[in-house]
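Source: prediction; values computed, not measured.
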Amino acid sequence: MDHNQPLATSEETRMLQDLVAKFVERDLMPLEPAVLKREAAGGGFKLSEEEEAKLLARCRELGLWGLDVPEEFGGANLPLISLAVAEEEMARACVPFTIPPDSPNLHMMLSVASPMQRAKYLDPYARGEQRSAMAISEPGAGGDPAGMTTRAVRDGDDWVINGRKIWVSNVPRADFIILMARTGDGKRQDGITAFIVEKGTPGFVIEREIPMLGGRRTYELVFEECRVPHENVLGELGRGYAPMQLRLNVRRMQMGARCVGMARRALEMMTEQAQNRVTWGVRLADRQAIQWFAADAAMEMHACRLMVQDLAAKLDAGADVRMEASILKVRATEMAQTVLDNAMQTWGAMGVTKELPLQLMHQQVRLMRVYEGPSEVHRSAIGRRILGGKV
């Protein structure tokens, strides 16, 4: 058994894994040197329009599109365990490309979108013809919904939104955003409602771009008397947090799979260097320190992959997975950070150059330890559930 490969649980999943692996090797990996060079020169961590267009065309050609999208929207309707395998394979390449559409927002919209919203927003989004973003965090209120102050007030057939959001990804390219705003007086998540806000809506302002580690960009948004029709309320009034939690849990499953994929790439690179590099007459592969790097990586990757598969299966079954999602989010991001760090150490000076993808992946995993809930918040949630008898 190759412990560096994901366990495909069905013939369908095995075929998808093989297809995605070949796409990564043939179409993504050749772009990696240009992507790294562009980012190192200050050109951003991105693909050119031509590069992205070619990849999208290739995905359509291969049928790599809407993997977990229902068939009514032109998707393959695969289970999340299949999506997890695809995510792991894709993460091996340090290239900013994902198979459309952005899955977590899809799952939130599928669960609560009205017939109008399904036709106007979900259908083109699920078909990869539109893009979306999610605006949750606010300045001074990150992981705690109790601090959310962006407010929406009913005015006839409209809602008038005032407030700020920060750390929002994908904004310039998004055709619409899903915005969380307070409509009631409840505490924490009570009284929070989700709204669909279209790009170009008066009062919806992109205040600034914020450069992040790993070549990423996020944005701060301002809403000033921003009018949204009542029909754009996504789900129930005052109950926008529960369907958003579904989105977050799918995202955490994806993140876990991506962390395993990045760790796989790091272990492959570590192995290559250890087998070829000789210091003081001894191969690095014969030194105990490096052997333990590899052993720890294999053990942790195996554990995290099983966690991903467990979470995906439970999500597909509709179970309450908040505990499992928190455990995976913390364990996988910290695992990938360590494996990447050890791979960089094995490569020595070359490992910390911008010519190899290790440093960029390392920065991106560092980012992952903060977004979708910082490790400390998840650890506290896990501890409260255990000590409160709510495992």
Side-chain angles (χ1 to χ4, degrees), residues 87 102-105 107-108 133-150 163-170 178-182 186-194 210 212-214 216 218-221 239-260 262 300 303-304 307-308 310-312 314-315 319-338 340 362-391:
E87 291 283 359
D102 172 27
S103 177
N105 287 353
H107 289 274
M108 179 178 180
M134 170 70 77
I136 306 171
S137 296
E138 298 183 4
D144 181 8
M148 191 178 292
T149 59
T150 295
R164 284 178 176 265
K165 294 291 178 181
I166 199 167
W167 318 126
V168 188
S169 304
N170 306 322
I178 298 173
L179 169 76
M180 309 304 291
R182 198 167 284 287
K187 294 179 180 178
R188 293 185 63 78
Q189 62 259 44
D190 296 333
I192 293 175
T193 301
I210 308 168
M212 311 291 284
L213 281 177
R216 305 287 188 182
T218 63
Y219 298 84
E220 183 172 4
L221 311 177
R239 296 181 179 271
Y241 209 75
M244 184 189 71
Q245 198 69 38
L246 171 65
R247 174 208 181 271
L248 290 174
N249 288 333
V250 174
R251 173 67 88 199
R252 287 160 187 158
M253 185 277 292
Q254 283 184 304
M255 290 173 72
R258 288 172 187 171
C259 283
V260 175
M262 283 190 276
E300 282 294 308
C304 287
M307 288 182 195
V308 169
D310 176 64
L311 178 55
K314 287 176 178 174
L315 275 168
D320 180 354
V321 295
R322 284 174 291 179
M323 187 76 163
E324 290 89 341
S326 286
I327 291 171
L328 176 63
K329 168 66 168 61
V330 176
R331 185 76 176 266
T333 52
E334 294 183 358
M335 175 277 295
Q337 188 93 78
T338 300
L340 282 158
H362 190 271
Q363 290 179 57
Q364 288 166 0
V365 172
R366 183 64 188 86
L367 221 58
M368 291 166 84
R369 285 170 48 208
V370 172
Y371 68 74
E372 308 294 358
S375 299
E376 295 74 21
V377 170
H378 284 289
R379 276 193 165 90
S380 292
I382 294 165
R384 282 197 307 272
R385 282 177 172 275
I386 292 169
L387 297 172
K390 295 180 181 178
V391 179

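Side chains of E300 and T338 form no contact here, defined as non-hydrogen atoms less than 4.5 Å apart. The shortest side-chain heavy-atom distance between M134 and N170 does not fall under the 4.5 Å cut-off. A 4.5 Å side-chain heavy-atom check between M335 and M307 finds every atom pair outside the cut-off. Using a 4.5 Å heavy-atom cutoff, the side chains of K329 and R379 are not in contact. The shortest distance between side-chain heavy atoms of L248 and M108 does not fall below 4.5 Å.
Side chain of E372 to backbone of R252: no donor-acceptor contact under 3.5 angstrom is found. Side-chain atoms of E138 come within 3.5 Å of backbone atoms of T150 as a donor-acceptor pair (strictly under, hydrogens ignored). A donor-acceptor pair under 3.5 Å is absent between the side-chain atoms of H378 and the main chain of L328, judged by distance alone.
Between atom OG1 of residue T193 and atom CZ of residue R239 there is a gap of 10.5 Å, rounded to the nearest 0.5 Å. With values rounded to the nearest 0.5 angstrom, M323 atom CE is found 13.0 Å from L311 atom CG. The CG atom of L387 sits 10.5 Å away from atom OG of S380, with the distance rounded to the nearest 0.5 Å. Considering CG of L367 and OG1 of T333, their distance stands at 11.5 Å, rounded to 0.5 Å. Rounding to the nearest 0.5 Å places CE of M255 at 11.5 Å from CZ of R369.
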_side-chain contact (heavy atoms from CB on, under 4.5 Å) for I210 and I166? Distances and angles first, verdict last._
CA-CA 9 Å; I210 308 168; I166 199 167; 3.8 Å; yes
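With respect to the salt-bridge test (charged N to carboxylate O, under 4.0 angstrom), the residues R164 and E220 qualify.
None of E324, Q254, R322 except one satisfies the side chain to side chain contact (heavy atoms under 4.5 Å, CB included) rule with N249; the exception is R322.
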